[in-house]
Amino acid sequence: MNLAQFPRRRYTAGFTPIEKLENLTRYLGGPDIYMKRDDLLGLAAGGNKTRKLEFLMADALEQRADTVITCGAVQSNHCRLTLAAAVKEGVKCQLVLEQRVPGSYNEDASGNNFLYNLMGVEKIYVVDGGSDVAGKMRAVADELIAKGRKPYISPGGGSNEIGALGYASCAQETLAQLFDMGVKVDNIVLTSGSAGTHAGFLTGIAGMNAGIPVTGIGINKGRDAQTESVYNLCVKLGDKLGLKTPVDKSDVIVFDDYIGDGYSRPTQGMVEAVKLLARTEAILLDPVYTGKAMHGMIDLIKKGILTGTVLFLHTGGSPALYAYQKEFM
Ligand SMILES: *Cc1c(COP(=O)(O)O)cnc(C)c1O
């Protein structure tokens, strides 16, 4: 895997830390648990979309875009970070927000919504859940083109084969760090949403022939649909990278047991996991992604499904906590 062949902007100085979670490990009575702190990536409040944006923004700038259009849920970390990257690069940003939970958009809401406005989003369009969001983004782009502007559409979650390069790169970074630390990890756990993180990391592991199982905790789709979308992106990314050892479908591991009533809807297990990490490690998870994934990791450890040394990828999202305060009272 030669990632240097792809244009990239840099939004983080150096590597994100890998920490041993001593207190959580002790609390659970083993196995050893480590955390890769991608919540500490660069751009406003960090999180996994920063790695994808390094490649997506480089592509947008290469195409001389003056405006980036993307989409997400009403409290989208991806939208917040795309806007942050746009601010850094001196281009405009317009967002299409999907009310996946009916009536969930509130223009005065805290969390990421507050940050959209603070960082000066140019325009927000709100559409109902299940609408043709990609079509809406194209319509927004057409309007801009008619005004002589040059828009660039970045997909939801930044999850195409360009954005996913960021997580192939993260897999490389992680293995180099673990080697340096002298830590042999047996299992990696991450959140599986729009699939770019899962597919990118898994493809990176395959590209280095590292053979470490990557377990994705779903937060949205059922197991089969999620497996399919992760695998399809692995194939595209594997082609882009020219891998001789592509990801096999049987390598795509997804659990959908921790979603609860649906995307972004709080669960008891999520609330407990967020509180546990706050009170044992002073680490802030988020209610939509990493709280559910941590619930999953703890449950799978307790059930003996995840064994040996486990590395949890913290993909960020803590600003959303402030929009969910009452769930934690
Ligand atoms: C987007 C997001 C994820 C999921 O990553 P995907 O690449 O969309 O699967 C996980 N955690 C946080 C905090 C996110 O914002």
Side-chain angles (χ1 to χ4, degrees), residues 1 48-49 51-52 55-56 70-73 76-78 96 98 100-101 129-138 153-171 187-208 210-265 267 288-290 292-293 295-297 299-300 305-306 313 315:
M1 259 190 342
N48 63 342
K49 305 311 179 305
R51 287 193 193 266
K52 302 177 185 185
F55 292 93
L56 289 163
T70 199
C71 63
S76 165
N77 300 305
H78 167 66
V96 176
E98 184 188 357
R100 294 183 194 168
V101 175
S131 348
D132 177 12
V133 178
K136 179 68 187 171
M137 290 199 290
R138 282 193 302 274
I153 297 178
S154 174
S159 286
N160 58 15
E161 62 274 27
I162 298 172
L165 284 169
Y167 271 88
S169 148
C170 178
N187 278 290
I188 293 168
V189 179
L190 44 73
T191 316
S192 197
S194 64
T197 303
H198 191 170
F201 208 103
L202 192 53
T203 304
I205 292 286
M208 292 179 292
I212 305 173
V214 176
T215 296
I217 309 293
I219 47 79
N220 189 12
K221 294 182 196 166
R223 183 166 168 246
D224 292 347
Q226 188 64 19
T227 302
E228 202 61 30
S229 55
V230 172
Y231 179 66
N232 289 342
L233 189 48
C234 287
V235 171
K236 284 186 198 156
L237 182 58
D239 283 349
K240 191 172 177 69
L241 289 163
L243 290 200
K244 293 203 175 75
T245 53
V247 171
D248 192 82
K249 196 158 182 186
S250 64
D251 297 333
V252 181
I253 306 168
V254 173
F255 286 86
D256 62 4
D257 312 71
Y258 308 99
I259 300 171
D261 290 337
Y263 176 80
S264 80
R265 295 192 187 264
T267 63
V288 180
Y289 298 97
T290 54
K292 288 182 178 178
H295 173 213
M297 184 193 80
D299 189 57
L300 294 172
I305 294 171
L306 285 176
L313 177 67
T315 42

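These figures come from a predicted structure and were not determined experimentally.
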**Report entry** N/O donor-acceptor pair under 3.5 Å between N160 side chain and G163 backbone
**Finding:** yes

Requested in this report: Determine the minimum heavy-atom distance between K52 and S159, stating which atoms define it.
Outcome: NZ-OG, 3.1 Å

Query - D256 CG to N220 CG distance, which is reported to the nearest 0.5 Å - result: 11.0 Å

**Report entry** Distance in Å, T203 OG1 paired with L237 CG, rounded so as to fall on 0.5 Å steps
**Finding:** 4.5 Å

**Report entry** Minimum heavy-atom distance A293-T191, with the two atoms named
**Finding:** CB-OG1, 3.3 Å

Report task. For residues N77 and T315, determine if any side-chain heavy atom of one lies less than 4.5 Å from a side-chain heavy atom of the other. Result -> no

Query raised in the report: Heavy atoms, side chains only, cut-off 4.5 Å: are L202 and V252 in contact?
Result: yes

Query - Approximate separation, where rounding is to 0.5 Å, of R100 CZ and S76 OG - result: 7.5 Å

Query raised in the report: Does some side-chain heavy atom of L313 sit less than 4.5 Å from a side-chain heavy atom of Y167?
Result: yes

Requested in this report: Drop me the distance from I219's CD1 to T267's OG1, to the nearest 0.5 angstrom.
Outcome: 12.0 Å

Query raised in the report: Got a donor-acceptor contact below 3.5 angstrom from the T245 side chain to the A206 backbone?
Result: yes

Requested in this report: Check whether any side-chain heavy atom of L306 sits under 4.5 Å from a side-chain heavy atom of M297, and report yes or no.
Outcome: yes

Query raised in the report: Do L165 and K240 come within less than 4.5 Å of each other through their side chains, counting heavy atoms only?
Result: yes

Query - Point-to-point distance, once rounded to the nearest 0.5 Å, from NZ of K136 to SG of C71 - result: 12.5 Å

Report task. Scan K221, R223, K249 and name whichever one has a salt bridge (charged side-chain N to carboxylate O under 4.0 Å, His left out) with E228. Result -> K249

**Report entry** Positive for side-chain contact (heavy atoms from CB on, under 4.5 Å) with F201, one of V230, V214, I212
**Finding:** V214

Query raised in the report: Looking at S169 and R51, what are the two nearest heavy atoms and their distance?
Result: OG-NH1, 4.4 Å

Query raised in the report: Say you draw a straight line from CG of L300 to CG of N187; how long is it, rounded to the nearest 0.5 Å?
Result: 9.5 Å

Requested in this report: For E161, enumerate each residue passing the side chain to side chain donor-acceptor pair (under 3.5 Å) test, keeping only those at least two apart in sequence or located in another chain.
Outcome: none

**Report entry** Closest non-hydrogen atom pair, A168 against M1
**Finding:** O-CE, 4.0 Å

Report summary line: What one should report as the nearest heavy-atom pair of P155 and L56 is CD-CD2, 4.5 Å

**Report entry** Minimum-distance pair of heavy atoms, taken over all atoms of S194 and G157
**Finding:** OG-CA, 3.5 Å

Query raised in the report: Is the closest side-chain heavy-atom distance between I305 and F255 below 4.5 Å?
Result: yes

**Report entry** Pair I205-I188, side-chain contact (heavy atoms from CB on, under 4.5 Å): steps then yes or no
**Finding:** CA-CA 10 Å; I205 292 286; I188 293 168; 4.3 Å; yes

Query raised in the report: Do V288 and K292 have side-chain heavy atoms sitting under 4.5 Å apart?
Result: no

Report task. Report yes if some heavy atom in the side chain of S154 is under 4.5 Å from a heavy atom in the side chain of K49; otherwise report no. Result -> no

Query raised in the report: What do you reckon, is CG of D132 surrounded by more than 12 foreign heavy atoms closer than 6.0 Å?
Result: yes

